[in-house]
Peer 1: 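The structure's right below; bear with me while I get my questions together.
Numbered from 1 within each chain, the chains take letters A, B, ... in sequence-line order.
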2 protein chains.
Amino acid sequence: MGETNGVHWLDDGQQTAWRSFLVGNARFFEALGAAHDAELDLSLGEYTLLVQLSEQPDRTQRMSALADGLVLSRSRLTHTVTRMEGRGLVSRCPADGDRRGVNCRMTDLGHAALVAAAPGHVRAVRRLLVDVLEPDELEALGRIMGKIGVAARSELTGAARDC
Amino acid sequence: MGETNGVHWLDDGQQTAWRSFLVGNARFFEALGAAHDAELDLSLGEYTLLVQLSEQPDRTQRMSALADGLVLSRSRLTHTVTRMEGRGLVSRCPADGDRRGVNCRMTDLGHAALVAAAPGHVRAVRRLLVDVLEPDELEALGRIMGKIGVAARSELTGAARDC
DNA sequence: GTGTGATAGTTGAGATATCAACTATCTTTC
DNA sequence: GAAAGATAGTTGATATCTCAACTATCACAC
């Protein structure tokens with residue numbers, strides 16, 4: 001069953017699930033991005049970055065921690081922060097204790113932008129995700145995506161290195 | 001509960017699920033993309049495009065249908081196909097019956113590239129998704145993402161236009 | 001058959017992302 | 001305390017994506 005040339009192909013049910021995952025994902029992020037573009041002054045990525053900063057003490061976090069939390073490459077974060085700094089949403093300052101380090105801090109303007117965008121963002125997430133699912137489905141989705149995330153991270157981190 | 005200034009914020013459980021969804025997704029696609037980059041000659045996007053073509057009669061499909069199926073903008077598909085055409089993976093030809101239309105056809109070289117990439121792709125999808133979940137979880141994920149995709153599409157299509 | 005609005009696809013400019021190379025600092029080891 | 005390697009972050013060239021404008025064709029009304 002489902003094995004040709006030593007390759008374990010996906011069966012029909014697995015195929016269907018995988019396709020739904022791909023397409024559903026693409027449509028969801030397209031719609032959420034469109035909602036941000038249409039109503040809000042922050043893109044989804046900028047918004048997420050500011051949310052993460054808003055949860056840090058003094059609204060400040062090291063670039064590397066920020067990159068890890070947002071699942072962004074260092075380089076991409078550097079460019080993104082440079083642009084956002086240009087708009088006055090965040091500012092950079094040297095990290096204390098490690099002269100290589102750079103802290104990223106949300107400015108008051110950034111905070112104001114976050115507060116202004118939050119209602120529209122939450123409405124969109126509700127409309128496109130939370131309200132679309134039964135409560136137990138949302139819980140299941142979270143649990144399942146958690147497992148997927150853990151597996152992906154361990155592959156990226158290079159855990160399970162061959163002996 | 002959870003309502004301030006008329007905004008329905010997410011409760012803790014909803015927040016957790018939403019975060020898991022965001023982060024799990026980002027990690028998953030990062031890992032799958034990395035697997036393609038490392039082992040295969042086709043990016044995930046190129047591979048998906050060729051898969052879709054491979055399922056069409058004569059390995060040929062109209063640009064617009066291809067764009068819809070892959071959830072890509074027309075413009076993005078044009079650029080992608082131009083690049084892939086440059087590599088000899090697909091070719092363009094006029095659609096018959098509608099002189100505006102353009103067909104995209106997978107070449108033999110494209111088919112060979114697809115066949116060569118398929119085992120590695122499927123292995124990665126197994127490792128990062130299918131094998132990570134229980135069968136019922138995979139089924140649930142497919143079902144849930146299907147619902148999300150439908151909701152997102154109806155928003156994008158502009159259904160439910162206000163009276 | 002002419003005008004009007006929709007649809008198919010492309011184009012090019014500007015925005016964003018990726019990748020490899022680079023500087024600077026830190027850490028470890030001897 | 002000097003050398004070697006790891007870590008933090010940036011840089012710039014290139015690749016890719018996005019957005020609005022554009023051409024061409026089609027469909028439909030009149």
Side-chain angles (χ1 to χ4, degrees), chain A residues 26 29-38 40-49 60-87 89-105 156-158 161, chain B residues 26 29-38 40-49 60-87 89-105 156-158 161:
Chain A
F29 284 104
E30 186 185 2
L32 185 56
H36 271 260
D37 289 349
L40 309 176
D41 290 332
L42 297 172
S43 72
L44 177 58
E46 292 165 340
Y47 181 87
T48 309
L49 191 154
T60 299
Q61 195 172 30
R62 281 286 289 271
M63 291 291 281
S64 50
L66 201 47
D68 290 347
L70 297 168
V71 195
L72 295 179
S73 71
R74 306 290 169 95
S75 174
R76 182 168 172 181
L77 180 64
T78 291
H79 289 304
T80 300
V81 166
T82 299
R83 287 189 295 265
M84 292 178 74
E85 199 173 21
R87 291 173 54 194
L89 301 170
V90 298
S91 65
R92 275 187 251 236
C93 47
D96 38 32
D98 185 341
R99 269 179 303 181
R100 296 168 301 180
V102 172
N103 278 336
C104 180
R105 184 167 194 282
L156 288 164
T157 305
R161 105 173 45 276
Chain B
F29 284 104
E30 186 184 2
L32 184 57
H36 271 261
D37 290 349
L40 309 176
D41 290 332
L42 298 172
S43 72
L44 177 58
E46 292 165 341
Y47 181 87
T48 308
L49 191 153
T60 300
Q61 195 173 31
R62 283 285 288 272
M63 292 291 281
S64 51
L66 201 46
D68 290 348
L70 297 168
V71 195
L72 295 178
S73 71
R74 305 290 168 94
S75 174
R76 183 168 172 180
L77 180 64
T78 291
H79 288 304
T80 301
V81 166
T82 299
R83 287 189 295 264
M84 292 179 73
E85 198 174 21
R87 292 173 54 194
L89 300 171
V90 298
S91 64
R92 273 188 252 235
C93 47
D96 37 32
D98 185 341
R99 270 179 302 180
R100 295 168 302 179
V102 172
N103 278 337
C104 180
R105 184 167 194 281
L156 289 164
T157 303
R161 125 171 23 278

Peer 1: Whole angstrom is fine here: how far is it from CZ in Arg100(B) over to P in dT25(D)?
Peer 2: 10 Å

Peer 1: Atom CG of Leu66(B) to atom P of dT7(C): distance rounded to whole Å?
Peer 2: 19 Å

Peer 1: Mind running side chain to side chain contact (heavy atoms under 4.5 Å, CB included) on Leu89(B) and Leu42(B) for me, showing each step along the way?
Peer 2: CA-CA 10 Å; Leu89(B) 300 171; Leu42(B) 298 172; 3.9 Å; yes

Peer 1: Over all strands shown, is Thr78(A) touching base, sugar-phosphate only, or nothing at heavy-atom distances under 4.0 angstrom?
Peer 2: base

Peer 1: Measuring to OP1 and OP2 of dT16(D), would you say a side-chain N or O of Arg83(B) lies under 4.0 angstrom away?
Peer 2: yes

Peer 1: In whole angstrom, give the distance that lies between atom CE of Met84(B) and atom P of dT16(D).
Peer 2: 11 Å

Peer 1: Looking only at side-chain atoms of Met63(B), point me to the closest of dC19(D), dA17(C), dG9(C).
Peer 2: dG9(C)

Peer 1: Give me the one residue out of Leu70(B), Val71(B), Leu72(B) that meets side-chain contact (heavy atoms from CB on, under 4.5 Å) with Thr48(B).
Peer 2: Leu70(B)

Peer 1: Side-chain N or O of Arg74(B) less than 4.0 angstrom from OP1 or OP2 on dC19(D)?
Peer 2: no

Peer 1: Mapping Ser73(A) and Asp98(A) to their closest nucleotides on DNA chain C, which lands nearer the 5' end?
Peer 2: Ser73(A)

Peer 1: With distance as the sole criterion, do the side chain of His79(A) and the base of dG12(D) form a donor-acceptor contact below 3.5 Å?
Peer 2: yes

Peer 1: Using the rule given for side chain to side chain contact (heavy atoms under 4.5 Å, CB included), can you reason through Cys104(A) versus Met63(A), listing the C-alpha separation, both sets of side-chain angles and the distance that settles it, and then say yes or no?
Peer 2: CA-CA 6 Å; Cys104(A) 180; Met63(A) 291 291 281; 4.0 Å; yes

Peer 1: Classify the nucleic acid contact of Asn103(A) as base, sugar-phosphate or nothing, counting any heavy atom under 4.0 Å across all strands shown.
Peer 2: nothing

Peer 1: Starting at CG of Leu77(B) and ending at C1' of dC19(D), how long is that distance when rounded to a whole Å?
Peer 2: 16 Å

Peer 1: Hey, does the side chain of Ser75(A) come within less than 4.0 Å of dT11(D)'s phosphate (OP1/OP2), counting only N and O?
Peer 2: no

Peer 1: Using whole Å, what does the distance between atom C1' of nucleotide dA17(C) and atom CG of Leu44(B) come to?
Peer 2: 16 Å

Peer 1: Around atom CZ of Arg92(A), are there more than 12 heavy atoms from other residues, nucleotides or ligands closer than 6.0 Å?
Peer 2: yes

Peer 1: Quickly work out the Asp96(B) CG to dC26(D) C1' distance and round it to whole Å.
Peer 2: 16 Å

Peer 1: Measure the distance from CG on Leu72(B) to P on dT18(D) and round it to the nearest whole Å.
Peer 2: 9 Å

Peer 1: Is there a side-chain contact between Arg99(B) and the phosphate of dC26(D), meaning an N or O under 4.0 Å from OP1 or OP2?
Peer 2: yes

Peer 1: Does a side-chain N or O from Arg76(A) land closer than 4.0 Å to OP1 or OP2 of dT16(C), or not?
Peer 2: no

Peer 1: Quick one: label Asp68(A) by what it contacts on the DNA or RNA (base, sugar-phosphate, nothing), any heavy atom closer than 4.0 Å.
Peer 2: nothing

Peer 1: How about Arg74(B) and Ser64(B): do any of their side-chain heavy atoms sit closer than 4.5 Å?
Peer 2: yes

Peer 1: Calculate the interatomic distance between Phe29(B) atom CZ and dT18(C) atom C1'; express it in whole Å.
Peer 2: 18 Å

